[in-house]
Novice: 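The structure is given below, and queries will be raised subsequently.
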Amino acid sequence: QIQLVESGGGLVQAGDSLRLSCAASGRTFSKYFMGWFRQAPGKEREFVAVISRFGVSTDYADSVKGRFTILRDNNKVMVYLQMNSLKPEDTAVYYCGASQTFATTIPAFGSWGQGTQVTVSS
């Protein structure tokens, strides 16, 4: 089973940019579709972005389209979330997940990292 570790979170101001990283273990990284989800205080975890196994296809939540970009580097066994034009409503714990399918729902993801906190002040 793949293991994931997120990093790169922090406290930023509205309009700033931040890049999250997710380091994966194992030699089977390219077999997984990778996704980012987030969970704000008092809310359920929600889908943010997903990328196909070789980065050809991506999908985003409507709330982040045009501002966030998901990327992966299979050689480095990494997946990234570039977040631009951040808003206070982007404040959440961001999680990296691995799936066997190109999915946007939580049950499709069987492996999760521990999360990284992103706080956007107004």
Novice: Taking the side chain as every heavy atom from C-beta outward, state whether R38 and V64 have any pair of such atoms under 4.5 Å apart.
Specialist: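 A side-chain contact under 4.5 Å exists here.
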Novice: Hey, what do you get for CG (N84) to CZ (R19), rounding to the nearest 0.5 Å?
Specialist: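 Result: 10.5 Å between the selected atoms.
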Novice: For a 4.5 angstrom cut-off between non-hydrogen side-chain atoms, does I70 reach V79?
Specialist: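 Counting from C-beta outward, I70 and V79 do come under 4.5 Å.
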Novice: Do you know which two heavy atoms are closest between L81 and A49, and how far apart they sit?
Specialist: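 Answer, listing the atom of L81 first, then A49: CD1-CB, 4.3 Å.
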Novice: Using the rule given for side chain to side chain contact (heavy atoms under 4.5 Å, CB included), can you reason through R72 versus T58, listing the C-alpha separation, both sets of side-chain angles and the distance that settles it, and then say yes or no?
Specialist: CA-CA 11 Å; R72 68 187 295 164; T58 58; over 6 Å; no
Novice: Does any pair with a residue in residues 22-43 pass ring pair (Phe, Tyr, Trp, His ring centres under 6.0 Å), and if so which ones, sequence neighbours excluded?
Specialist: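 Residue pairs passing ring pair (Phe, Tyr, Trp, His ring centres under 6.0 Å), neighbours aside: F37-F47, F37-F109, F37-W112.
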Novice: Let me confirm one number: the OG-CD distance from S122 to Q13, rounded to the nearest 0.5 Å.
Specialist: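 Between atom OG of S122 and atom CD of Q13 there are 9.0 Å.
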Novice: Measuring only between side-chain heavy atoms, which start at C-beta, is M34 closer than 4.5 Å to N74?
Specialist: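 In short, these two side chains do not touch, never coming nearer than 4.5 Å.
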Novice: Which pair of heavy atoms, one from A108 and one from T101, lies closest together, and at what distance?
Specialist: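 Closest approach of A108 to T101, heavy atoms only: CB-OG1, 4.1 Å.
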Novice: Please report the closest heavy-atom contact between E44 and Q39, naming both atoms and the distance.
Specialist: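 Reported closest heavy-atom pair: C-CG, 4.0 Å.
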Novice: Supply the atom-to-atom distance L20 CG to L71 CG, rounded to the nearest 0.5 angstrom.
Specialist: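 L20 CG to L71 CG: 11.5 Å, rounded to 0.5 Å.
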Novice: Quick check on the hydrophobic clustering: are V77 and V50 connected, directly or via other members, by side-chain heavy-atom contacts under 4.5 Å?
Specialist: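 Cluster IDs for V77 and V50 differ.
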Novice: Return the minimal non-hydrogen interatomic distance between S17 and Q82, and the atom names on each side.
Specialist: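 Heavy-atom minimum between the residues: CB-NE2, 4.0 Å.
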Novice: Does any N or O in the side chain of E6 come within less than 3.5 Å of the main-chain N or O of Q114, such that one atom is a donor and the other an acceptor?
Specialist: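 A pair under 3.5 Å: yes.
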Novice: Tell me whether K65 is salt-bridged to D62, with the criterion being a basic N under 4.0 Å from an acidic carboxylate O.
Specialist: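 Looking at D62 together with K65, the answer is yes, because their closest N to O distance falls below 4.0 Å.
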Novice: Quick one: pull up CG in L4 and OG in S111 and give me the separation to the nearest 0.5 Å.
Specialist: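 Taking CG in L4 and OG in S111, the distance rounds to 6.0 Å.
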Novice: Passes side chain to side chain contact (heavy atoms under 4.5 Å, CB included), S30 versus R53? Steps please.
Specialist: CA-CA 5 Å; S30 62; R53 292 179 297 171; 5.5 Å; no
Novice: Count I, L, V, M, F, W, Y as connected when their side-chain heavy atoms are under 4.5 Å apart, and connections chain through other members. Are M78 and V48 then in the same cluster?
Specialist: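 No, M78 and V48 fall in different hydrophobic clusters.
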Novice: So, does S57 use its side chain to make a donor-acceptor pair with the main chain of S52 at under 3.5 Å?
Specialist: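 Not confirmed, S57 side chain does not pair with S52 backbone.
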Novice: Of the options T69, V118, D90, V12, which is the one that meets M83 in a side-chain contact (heavy atoms from CB on, under 4.5 Å)?
Specialist: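 The residue from T69, V118, D90, V12 that satisfies side-chain contact (heavy atoms from CB on, under 4.5 Å) with M83 turns out to be V118.
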Novice: Nearest heavy-atom pair of Y95 and G113: which atoms, and what distance?
Specialist: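 That would be CD2-O, 3.7 Å.
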Novice: Applying side chain to side chain contact (heavy atoms under 4.5 Å, CB included) to Q117 and T91, what does each step give before you reach the verdict?
Specialist: CA-CA 8 Å; Q117 176 71 47; T91 295; 4.0 Å; yes
Novice: F102 and I51: which non-hydrogen atoms are nearest, and at how many Å?
Specialist: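 Closest approach of F102 to I51: CE1-C, 4.1 Å.
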Novice: Less than 4.5 Å apart, any side-chain heavy atom of Q3 and any of V5?
Specialist: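 Answer no - side chains too far apart.
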Novice: Between SG of C96 and OH of Y80, what distance do you get to the nearest 0.5 Å?
Specialist: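 The OH atom of Y80 is 11.5 Å from SG of C96, to the nearest 0.5 Å.
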